[in-house]
Amino acid sequence: MSWLTDRRLWTAALAVWVVLALIGLVLGPSLGHDEAAFAITSRGEQPPGVWLYRSDGTVWIARLGTALGDAAWLVRLPSALVNALAIVAAYAVGRAAFDARTGAWTAAILAGAHPMGLRAAELLSDLPGMACVLGGIAILAGEMQRPDGPRWRLVAAGPVFAAAFYVRYGSAPAVAIAIAAAVLLWWRAALRRPLPIVAMAAAIGVLLIPHFLRSHEATGSYFGILDVSRGMPRRAYVGEGLVTYLASNPFLFYGALVAPVMVAGLVGLATARRRVSYYLAVVALGQITMLGIQSHGQPRYVYVATALLVVLGVDYLRHRFPWPRPRAALALVAAAQLGLVVATVIHHRVVDDARAPIVAAAETMRAHSAGKPCAAVAAIVPQLMWYSRCSIFASSLIGSDSLPPDRDGYAVWLKKWPMDAGAFAAQRGLTATPLPTGDDRARVWRLR
């Protein structure tokens, strides 16, 4: 298959990803919980000190989107453009660690991975964080393997890793492991030319100063925001995420093609002769372990580990076995990509219907308040706040006080997030008057 060049393969993978992003923009559902929180934060509409764990970099991406308009596709547009860099960075790691062919096949496989592709247009920090971490790793892997030691190009990894931190605070463990493992595994190269490594570390330190100053101003501690972020997302017990990463159905959790290729990457370590293979494995397994111990597990939290293990798996399969041959491999990858394109359309329609009651309730409050200040109590906050422009108080947290008296008050019941509006009103001496929402899965009461 001489026509299947590396460039064509990875360009086709990027094209598939762009199609997934376009579907997400055109057919995507209303904003999700985290997306709405980033959008609200970008406008400074949340109370002071709330959602400090929302990474500044992603808030800035959201700010670009909200400047374009309120429509979901406009809010998501800048993020969709940035998200595409994740596929580019995965290719870059494969090329830097092994060769362009490995990078191209890695990009092609990841473009057909549903845990990533379904979020191609979403306003979240995971894909931008993945892109930046992988970009830094690509620079490290390429430079540290040089016989005469790393060149000054290594310093470029500093701003890239700093960007990874700013767009997703949860990237910090992967960045720390990536740098430490590179120095330990290529210690001779590090000793031969230490100045580029020191300069890279210094660049990261300098670029993170604004974050620590902001953290001290907001929390009184230079690590206050990180302390808050460490507890988000919550866990039921220590190691909950690790159990999820190891015990979940791998085909559903990581992807139909991604899962077996990841396993192949781990198997290939037994016969690996190059340090770069162990380097990628250490970073991947380190991220899974550290995040798995700290929080509950989701596929998007370990995108970096997934991509690195796919790189290892692709290289192992290409050089260890005569099968899969290019035609067979291409058929499998194309089938996965086509299946994901079809599944993406269905998925977005299903999710949009599931979120419709939230939008219906929010629009009811927004229309009734007619631009006047308003507040509501509900069991779900960010999406209602974004679409209604009302202050939303979580029903599980609100105390005995009434809603702010200078605002129109509402109570929201959703089939998936119910609350007893009658009891809430009675306890506070209020009258609850129902308002029509047009969706029997959503109920809104005017509180007086």
*So which pairs with a foot in residues 250-276 pass ring-ring contact (aromatic ring centres under 6.0 Å, His included), sequence neighbours left out?*
Tyr245-Phe253
*Mark yes or no for whether Ser215, through its side chain, and Ser221, through its backbone, hold a donor-acceptor pair below 3.5 Å.*
yes
_salt bridge (Lys or Arg N to Asp or Glu O under 4.0 Å) contacts in which one or both residues fall within residues 255-276, not counting sequence neighbours_ = none
*Any donor and acceptor pair, going by atom type alone, linking the side chain of Thr344 with main-chain N or O of Leu340 inside 3.5 Å?*
yes
*asked:* Less than 4.0 angstrom from a charged side-chain N to a carboxylate O is my criterion; do Glu143 and Arg151 meet it?
replied: yes
*Assign the ring pair Tyr91 / Trp10 to parallel, tilted or perpendicular, where the plane angle (0 to 90°) is split at 30° and 60°.*
parallel
*Looking only at atom types and distance, does a side-chain atom of Ser171 sit under 3.5 Å from a main-chain N or O of Val167, one as donor and one as acceptor?*
no
*Phe98 versus Val311: any side-chain heavy-atom pair under 4.5 Å?*
yes
_Please determine whether salt bridge (Lys or Arg N to Asp or Glu O under 4.0 Å) holds for the pair Arg63 and Asp56, giving the CA-CA distance in whole Å, both sets of side-chain angles, and the decisive distance to 0.1 Å._
CA-CA 10 Å; Arg63 195 163 289 154; Asp56 286 342; over 6 Å; no
*Audit row: Arg95, Asp6, salt bridge (Lys or Arg N to Asp or Glu O under 4.0 Å) steps and yes/no*: CA-CA 10 Å; Arg95 184 183 64 177; Asp6 304 336; over 6 Å; no
_Within-4.5 Å side-chain heavy-atom neighbours: Val283 and Val133_ = no
*Give a yes or no on whether a salt bridge exists between Asp439 and Lys415, defined as a side-chain N under 4.0 angstrom from a carboxylate O.*
no
_Could you go through Glu35 and Arg76, starting from their C-alpha distance and side-chain angles, then the distance that decides it, and tell me whether this counts as salt bridge (Lys or Arg N to Asp or Glu O under 4.0 Å)?_
CA-CA 9 Å; Glu35 290 181 294; Arg76 289 177 173 138; 2.7 Å; yes
*asked:* Using the rule given for side-chain hydrogen bond (donor to acceptor under 3.5 Å, both in side chains), can you reason through Ser42 versus Thr66, listing the C-alpha separation, both sets of side-chain angles and the distance that settles it, and then say yes or no?
replied: CA-CA 8 Å; Ser42 73; Thr66 55; 3.3 Å; yes
*Flag, side chain of Ser55 to backbone of Gly57, donor-acceptor distance under 3.5 Å*: no
*Do the side chains of Leu312 and Ser277 get nearer than 4.5 Å, heavy atoms only?*
yes
*Are the side chain of His114 and the backbone of Leu252 linked by a donor-acceptor contact shorter than 3.5 Å?*
yes
*Kindly say whether Pro250 contributes a backbone atom to a donor-acceptor pair with the side chain of Ser248 at under 3.5 angstrom?*
no
*What pair of heavy atoms forms the shortest contact from Ala96 to Ala138, and how long is it?*
CB-O, 3.3 Å
*Evaluate ring-ring contact (aromatic ring centres under 6.0 Å, His included) for His211 paired with Tyr222, printing each intermediate quantity in order.*
CA-CA 8 Å; His211 166 80; Tyr222 291 111; over 10 Å; no
*Those residues that, when tested against Arg366, pass salt bridge (charged side-chain N to carboxylate O under 4.0 Å, His left out) (two or more places apart)*: none
*Do Arg355 side-chain atoms and Ser30 backbone N/O form a donor-acceptor pair below 3.5 Å?*
yes
_Tell me if a side-chain donor or acceptor on Asn83 pairs with a main-chain N or O of Glu122 at a distance below 3.5 Å._
yes
*Please confirm whether the backbone N or O of Ala108 pairs with a side-chain atom of Gln337, one donor and one acceptor, at under 3.5 Å?*
yes
_Which residues pass the side chain to side chain donor-acceptor pair (under 3.5 Å) test with Thr102, not counting sequence neighbours?_
Asp99, Asp315, Arg318
*Can you check whether Trp417 reaches Leu384 side chain to side chain, under 4.5 Å on heavy atoms?*
no
*Would a 4.5 Å heavy-atom cut-off, applied to side chains only, mark Arg146 and Leu154 as touching?*
no
_Electrostatic pair Asp353-Arg441, nearest N-O below 4.0 angstrom_ = yes
*Does the ring centre of Phe165 sit less than 6.0 Å away from the ring centre of Phe161?*
no
*Those residues that, when tested against Ser79, pass side chain to side chain donor-acceptor pair (under 3.5 Å) (two or more places apart)*: none
*Do the side chains of Val261 and Tyr316 get nearer than 4.5 Å, heavy atoms only?*
no
*Side chains of His348 and Val351 in contact at under 4.5 Å (non-hydrogen atoms)*: no
Quick one: side chains of residues 174-198, donor-acceptor pairs under 3.5 Å with protein atoms, not counting sequence neighbours, listed by atom name and distance.
| unit_1 | atom_1 | unit_2 | atom_2 | d |
| --- | --- | --- | --- | --- |
| Arg192 | NH1 | Pro147 | O | 2.9 |
| Arg193 | NH1 | Pro150 | O | 3.2 |

*Do the side chains of Val243 and Tyr237 get nearer than 4.5 Å, heavy atoms only?*
yes
